[in-house]
Amino acid sequence: MRYSRMLIPTLKEVPADAQVQSHILMLRAGMIRKLAAGIYTYLPLALRSIRKVETIVREELNRSGAQELLMPMVQPSEIWESSGRWNQYGPELLRIKDRKGGEFCLGPTHEEVITHLFSNEIKSYRQLPINLYQIMDKFRDEIRPRFGLMRGREFIMKDAYSFHINKEDALESGYKVMYDAYTRIFTRCGLKFRAVEADTGAIGGNYSHEFQVLASSGEDTILACDACEYSANVEKAESKYEMTGEVEPGSAEVVEVHTPNQRTIDEISAFLKVGPEKLIKTLIYHDDDGKFYAICLRGDEELNELKLKNHLGVNAVYAAEEADILKQTGAPVGFAGPVGMKLPVICDFSVKTVADGVTGANKKDYHFTGVNRGRDFEPIAWADLRCAKDGEGCPRCDGGILHEYKGIEVGQTFYLGKKYSSKMKAVVQDENGKDVAVEMGCYGIGVSRTVASAIEQNHDDKGIIWPLPIAPFAVEILPVMMKDDAVREAGEKLYGELLELGIEVLLDDRTERPGIKFNDADLLGIPIRITIGKKSLKDGNVEFKLRRSQDVELIPLTDIVTKVQDTIAALMAECSGE
RNA sequence: CGGGGUGUAGCGCAGCCUGGUAGCGCAUCUGCUUUGGGAGCAGAGGGUCGUAGGUUCAAAUCCUAUCACCCCGACCA
């Protein structure tokens, strides 16, 4: 492609409404333009990268036995009513009417459509297993779209749905296969990522993983072991911490102390001059049935609500309102404690590391000191309820330490079991002619977000540094002076030769000044740059430079094609995962 | 939806308080000179000042409403 003919409207200045690097750089590199909040046009350069990701996704999914189809973006309300989600989904579902007043929505996801299709077309266990996927635009009317392609309302997603006759199959030939395919996909994209254990909600089990591209600007926090494969979203992560540091209960007397208006851990810690690790904090929670609990943690620990929810085996947990706390504990917020607590007390393991602790007295403006477990209170359960932290022990292996990373979620795999199939009539006849609900899995990849996260992970202050497999072009030829006949002709000749070999090459044939060309080249981030200048050309050489490196090599014109081919092969091999 | 902020040329902004010819830089077009890291000179084009009402002899400027966009919270690929 000739630069002079391609729509690449680069910007020298940073657009005022962009905050994150991927957004800024995609705007500046002329890759995207906004039409409305969270809705973008992908310009030619961006589309080339998107297509590359899509191709990798297709190749790996096809290889894993999945089949591509394409479902409608506009979906009738009926199927959403039958799944119960027409009312449930909320304002994120963009609803529209046709000319006859019929109700439709723009598809935010396709469980309804795929299940509708399945129940009509798949009747027998002999047709299973089957895995169907598509790559298309989704529309989710997000409350707050932001960060360019990172969180758009319209975005490109690959969604896959698998159907199996039994759980063993679903996990082995379904979930595991997709997990491996995802690992290959992101490896082939040239991204540094981790597959982390994620919340499975009410389904339970370790059968959901988030694929997180590591980037300091990521919104998700993950903890990963430095010795084994364990890594998990901090929302779910466990650690070996609770097994260490346990102390015997102390022998101090329980003393009621006056602590006027001292509510928070910091306030009490300062007021009584004891460290927060000597405090036991008590939080009041209730589940979706309105049942209340008192949750105790060491003062310097944070409650992981997800762990609490899973421990209780309920659909949701909520922090109690101020009025409820007064009603349930007899004291205002800040003075709850396990001693004499009427509500069931559940303690995090961290409480075992506190002896002669400080707790609320369930009485306004009073706390207890010298509180010890066993003697002064007894929880109904001990559990891991705290947020795991950087530097703590790995729960899966010996000696491994967890480290914290920031990540961008680009994919998630779910084993769903029969949760949806039983509700949505996805049934087949088994060998006995009996109807059974099928085992389902669903698997998503944010394609446009993957491209954005690649930039988030690979850039410097001058611009993008594309991983070769998803770069819009592999090579950029930069003739410094197009008006110099020798330089121009050498550029054109090399351009022709590389094209002939099927190499994707961008020829900057603009008659711009060198500074503009160099800066644009850095901004666009094409992995291989070949600069053709008057002086080196006189000796029969061109300059060869990788975007990610500072080194410039002088290569004889006669060798440059081979050099490019070898370099492409080497860069691709880095991402092959072999 | 709650809180904060911004709408003036393709991009970045000034002008508004104190009403009176709509400006600057970059970009664009023409010509000449320049050409290894965002050139110089000369000239040109481009704006219903987000929109709708109101006040006024007169509104980008004051008032009212409204819309859009951005940032902080709950959601998610």
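As the structure is a computational prediction, the values presented were derived from the model and not from experiment. Chain naming here is simple, since letters A, B, ... match the order of the sequence lines and numbering starts at 1 in each.
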If I pick the [atom1] atom on [M] and the same atom on [N], what distance separates them, to the nearest angstrom?
N     : M     : atom1 : answer
B:C17 : B:A59 : P     : 14 Å
B:C57 : B:A68 : P     : 35 Å
B:C11 : B:A74 : P     : 32 Å
B:A65 : B:G23 : C1'   : 30 Å
B:C67 : B:A52 : C1'   : 10 Å
B:U30 : B:G73 : P     : 48 Å
B:C62 : B:C49 : C1'   : 15 Å
B:G36 : B:U61 : C1'   : 49 Å

Regarding [X], tell me which of base, sugar-phosphate or nothing describes its non-hydrogen contacts under 4.0 Å with the strands shown.
X        : value
A:Gly152 : base
A:Gly533 : base
A:Val447 : nothing
A:Val410 : sugar-phosphate
A:Lys138 : nothing
A:Asp17  : sugar-phosphate
A:Glu13  : base
A:Ser453 : nothing
A:Asp522 : base
A:Glu543 : base
A:Arg33  : nothing
A:Glu142 : base
A:Asp520 : base
A:Arg529 : base

Margin query: Between A:Lys158 and A:Glu54 (salt bridge meaning N to carboxylate O under 4.0 Å), is one present in this structure?
Written below: no

Check: Is it true that A:Lys389 and A:Glu301 have a side-chain N and a carboxylate O under 4.0 angstrom from each other?
Finding: yes

Strand partner of [N], provided both Watson-Crick or wobble distances fall under 3.5 Å:
N     : value
B:U21 : none
B:A58 : none
B:A44 : B:U28
B:A39 : B:U33
B:A68 : B:U6

Next item on the list: Please list, by residue number, the residues of residues 41-60 of chain A whose heavy atoms come closer than 4.0 Å to an atom of RNA chain B; answer none if no residue qualifies.
Entry: none

Margin query: I'd like to check A:Met31 versus A:Ile464 (side-chain heavy atoms, cut-off strictly below 4.5 Å). Are they in contact?
Written below: yes

Notebook entry, point to check: Under a 4.5 Å cut-off applied to non-hydrogen side-chain atoms, are A:Arg58 and A:Tyr133 in contact?
Noted result: yes

Quick one: are the ring centres of [X] and [Y] less than 6.0 Å apart?
X        : Y        : answer
A:Phe292 : A:His286 : yes
A:Phe163 : A:Phe118 : yes
A:Tyr179 : A:Phe211 : yes

Notebook entry, point to check: Is the charged tip of A:Lys563 near the ring of A:Phe544: under 6.0 Å from the six-membered ring centre and within 45° of its axis?
Noted result: yes

Next item on the list: Could you say whether A:Lys34 or A:Lys462 is positioned toward the 5' end of RNA chain B, judged by the nucleotide with the nearest heavy atom to each?
Entry: A:Lys462

Checklist line | Given RNA chain B, 5'-ward residue of the pair A:Gly515 and A:Met157, judged by closest heavy atom | finding: A:Gly515

Notebook entry, point to check: Sub-3.5 Å donor-acceptor pair from the side chain of A:Ser208 to the main-chain atoms of A:Thr413, do we have one?
Noted result: yes

Next item on the list: With a 4.0 angstrom cut-off to heavy atoms of chain A, pull out the first and last contacting nucleotide of RNA chain B, in 5'-to-3' order.
Entry: B:C1 to B:A77

Check: Which class fits the ring pair A:Tyr443 and A:Tyr182: parallel under 30°, tilted 30 to 60°, perpendicular over 60°?
Finding: perpendicular

Checklist line | Derivation and outcome, ring-ring contact (aromatic ring centres under 6.0 Å, His included), residues A:Tyr415 and A:Tyr175 | finding: CA-CA 6 Å; A:Tyr415 162 65; A:Tyr175 192 86; 7.1 Å; no

Item checked: Atom pair NZ (A:Lys176) and OH (A:Tyr207), whose distance is rounded to the nearest 0.5 Å -> 12.0 Å

